[in-house]
Amino acid sequence: AHRVLIRGEALRFPRVIVAAIGMLLLHGLSALLSERPFESIDSVETWLLEGVVLALLIANAIRTREEVRMAALALVSAGAVMGMVALLQQIPGTTEYGFFRFGQLDSAISDGEGRVARRLAGPIGETNRFAQIMAVLIPIGAGIGITAKGRVRYLILAATALIGLGMAFAFSRGAIVALALILPVALAFRMLAWRQLVVVGLAGVLLLAAMPHYAKRVISIGQIAAQGLGLDPAGMRNADGAARGRMTEMKAAGMLFLDHPVMGAGPGLAPVYYGEYARVVGGKVRAGTRRSHNLYLQLAAETGVVGLAAFLAVALLALRELDRARRRFESTDRELWGLVAGVELAILVSLTTSLFLHAAYIRYFWILIGLGMAASAQPAPPA
């Protein structure tokens with residue numbers, strides 16, 4: 001408001017926002033064509049207010065190079081505070097203290113030897129979502145840290161380490177899979193050298209060795225993948241309850257999509273149809289409504305091929321803008337290069353973890369989109 005109304009600067013509408021508005025119009029059409037339009041339109045409003053409007057405000061409020069840098073530092077600092085809260089809960093064993101609901105708890109898990117640990121859920125109250133939010137901050141912190149100078153460099157890297165610990169105490173399998181998958185991309189971006197990758201790998205091994213509860217869950221990833229792909233003779237019968245429940249939810253969403261392939265059943269309505277389709281696909285069927293636990297299956301089921309393609313177009317356009325900016329800044333502005341590369345990797349982490357999570361708390365994804373648009377809009381310094 002200050003920039004546009006007082007200073008007379010023009011309101012920016014980046015191409016990503018224009019594409020996102022088109023996506024919203026398609027979602028709105030899907031809602032109108034659904035069997036429950038009044039229920040479905042609520043989901044469209046959420047994507048409007050917590051998505052497109054939020055990203056538009058961020059892209060317009062953050063305009064200068066210094067503002068982009070301070071905004072990114074603010075996100076990393078917030079993550080470091082959450083990591084410190086998690087550390088204070090887990091290390092002394094004071095998990096019963098919730099730090100004014102900034103350190104909420106979720107389910108308890110065992111390491112197989114009778115030792116039980118509580119999964120930390122941060123201010124969100126849901127462990128996997130908390131882990132996702134912390135995971136996307138790690139490449140941003142790393143990107144800023146490796147290009148900073150002096151003591152600031154070590155402070156930012158220490159903050160990033162705290163974020164990593166906070167993520168680890170959520171004991172999320174999806175988050176660590178996403179971070180592992182972006183390591184080759186970080187190498188390609190030259191954010192990591194091979195020797196640094198070895199150090200990161202050793203640190204990860206030591207962390208899992210110190211956290212047997214987490215190590216057990218990480219080791220189970222291979223078993224669950226084999227069971228899901230049908231490579232295990234026992235199939236999914238021997239998988240843990242969470243994995244079987246999620247597989248049922250994903251299959252139910254897939255069947256819902258096959259029945260509504262073009263425009264979907266309506267935004268936000270996949271949980272409503274869960275019970276009907278879950279009884280058909282079998283597995284671990286839970287009572288009540290259930291989310292799809294996969295953003296892409298959820299979008300396909302609720303908005304069809306049209307809505308899913310529109311969302312992917314927005315994400316790919318944002319990544320293309322960031323990639324162009326990263327190449328532009330690589331030899332001209334190393335600080336902006338590290339920040340842009342970190343945000344690009346953060347969006348990739350968010351998209352990868354969304355293979356295991358649905359569209360709740362979508363505002364965190366759009367915060368990254370807004371910051372990415374602000375960062376990629378910065379001009380290269382004069383030669």
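In what follows, every heavy atom counts, from backbone to side chain, and hydrogens, waters and symmetry copies are set aside. Everything quoted here is computed from the prediction, not taken from an experiment.
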Within the side chain of [X], is there an N or O that forms a donor-acceptor pair under 3.5 Å with the backbone of [Y]?
| X | Y | value |
| --- | --- | --- |
| Thr303 | Ala300 | no |
| Glu302 | Ala270 | yes |
| Ser40 | Gly268 | no |
| Ser34 | Ala31 | yes |
| Asn60 | Arg12 | yes |
| Gln104 | Ala121 | no |
| Arg36 | Ala265 | no |
| Glu67 | Arg63 | yes |

Do [X] and [Y] share a hydrophobic cluster (ILVMFWY, side-chain heavy atoms under 4.5 Å, transitive)?
| X | Y | result |
| --- | --- | --- |
| Leu308 | Leu26 | no |
| Phe100 | Leu88 | yes |
| Ile41 | Val272 | no |
| Leu183 | Ile163 | no |
| Val314 | Leu57 | yes |

(request) Please test Leu49 against Leu54 for side chain to side chain contact (heavy atoms under 4.5 Å, CB included), starting from the C-alpha separation and ending with a verdict. (result) CA-CA 6 Å; Leu49 298 176; Leu54 177 61; over 6 Å; no
Side-chain contact test, heavy atoms from C-beta onward, threshold under 4.5 Å: evaluate it for [X] versus [Y] and give yes or no.
| X | Y | value |
| --- | --- | --- |
| Arg119 | Asn128 | yes |
| Leu181 | Val349 | no |
| Thr248 | Lys251 | no |
| Leu355 | Leu295 | no |
| Tyr273 | Glu35 | yes |
| Arg291 | Pro271 | yes |
| Ser350 | Leu368 | yes |
| Thr160 | Ile140 | no |

If I take atom [atom1] from residue [X] and atom [atom2] from residue [Y], how far apart are they, to the nearest 0.5 angstrom?
| X | Y | atom1 | atom2 | value |
| --- | --- | --- | --- | --- |
| Arg324 | Glu344 | CZ | CD | 12.0 Å |
| Gln132 | Phe356 | CD | CZ | 11.0 Å |
| Leu75 | Ile367 | CG | CD1 | 7.0 Å |
| Leu322 | Ile347 | CG | CD1 | 5.0 Å |
| Arg3 | Leu11 | CZ | CG | 12.0 Å |
| Leu120 | Ser172 | CG | OG | 12.5 Å |

(request) Look at Arg15 together with Glu321 and state whether they make a salt bridge at an N to O cut-off of under 4.0 Å. (result)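 Result for this pair is yes, salt bridge flagged.
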(request) Could you walk me through whether Phe130 and Phe169 pass ring-ring contact (aromatic ring centres under 6.0 Å, His included), step by step? (result) CA-CA 10 Å; Phe130 175 57; Phe169 288 134; 10.0 Å; no
(message) Assess the residue pair Leu207 and Leu165 against the criterion (side chain to side chain contact (heavy atoms under 4.5 Å, CB included)); give the C-alpha distance rounded to whole Å, side-chain angles, the decisive distance to 0.1 Å, and a yes or no.
(response) CA-CA 9 Å; Leu207 179 66; Leu165 284 174; 3.9 Å; yes
Specify the closest pair of heavy atoms between [X] and [Y], including all atoms of both residues, with the distance to one decimal.
| X | Y | result |
| --- | --- | --- |
| Leu256 | Ala301 | CD2-CB, 3.8 Å |
| Val136 | Ala346 | O-CB, 3.1 Å |
| Ile369 | Ala318 | CD1-CB, 3.7 Å |
| Met167 | Ala131 | CG-O, 3.5 Å |
| Met134 | Gly83 | CE-N, 3.7 Å |
| Leu179 | Ala135 | CD2-O, 3.9 Å |

(request) Just do the side-chain hydrogen bond (donor to acceptor under 3.5 Å, both in side chains) check on Ser292 and Gln298 with the steps written out, would you? (result) CA-CA 6 Å; Ser292 304; Gln298 178 185 343; 5.0 Å; no
(request) Using the test side chain to side chain donor-acceptor pair (under 3.5 Å), find all partners of Arg69 that sit at least two apart in sequence or belong to another chain. (result) none
(request) Check the pair Asp333 / Arg328 against salt bridge (Lys or Arg N to Asp or Glu O under 4.0 Å), numbers first and verdict last. (result) CA-CA 8 Å; Asp333 191 329; Arg328 187 168 72 246; over 6 Å; no
(request) Run the numbers on Phe257 and Leu299 for side chain to side chain contact (heavy atoms under 4.5 Å, CB included), then give the verdict. (result) CA-CA 9 Å; Phe257 163 68; Leu299 286 173; over 6 Å; no
(request) Go through the steps to decide whether Leu56 and Phe13 satisfy the test side chain to side chain contact (heavy atoms under 4.5 Å, CB included), and finish with yes or no. (result) CA-CA 7 Å; Leu56 178 64; Phe13 276 93; 4.0 Å; yes
Ring geometry between [Y] and [X] (parallel below 30°, tilted from 30 to 60°, perpendicular above 60°):
| X | Y | value |
| --- | --- | --- |
| Tyr364 | Tyr361 | tilted |
| Trp366 | Trp47 | perpendicular |
| His293 | His358 | perpendicular |

List the atom pairs, donor and acceptor, that lie under 3.5 Å between side-chain atoms in residues 185-197 and the rest of the protein, sequence neighbours left out.
from, atom 1, to, atom 2, distance (Å)
Arg190, NE, Glu330, OE2, 3.1
Arg190, NH2, Glu330, OE1, 3.4
Arg190, NH2, Glu330, OE2, 2.6
Gln196, OE1, Ala193, N, 2.8

(request) Any chance you could lay out the side-chain hydrogen bond (donor to acceptor under 3.5 Å, both in side chains) test for Tyr277 and Asp259, step after step, and finish with the verdict? (result) CA-CA 11 Å; Tyr277 286 91; Asp259 283 349; 2.6 Å; yes
(message) If you apply the rule salt bridge (Lys or Arg N to Asp or Glu O under 4.0 Å), what do you find for Asp323 with Arg326, and how did you get there?
(response) CA-CA 5 Å; Asp323 203 59; Arg326 177 180 60 81; 2.6 Å; yes
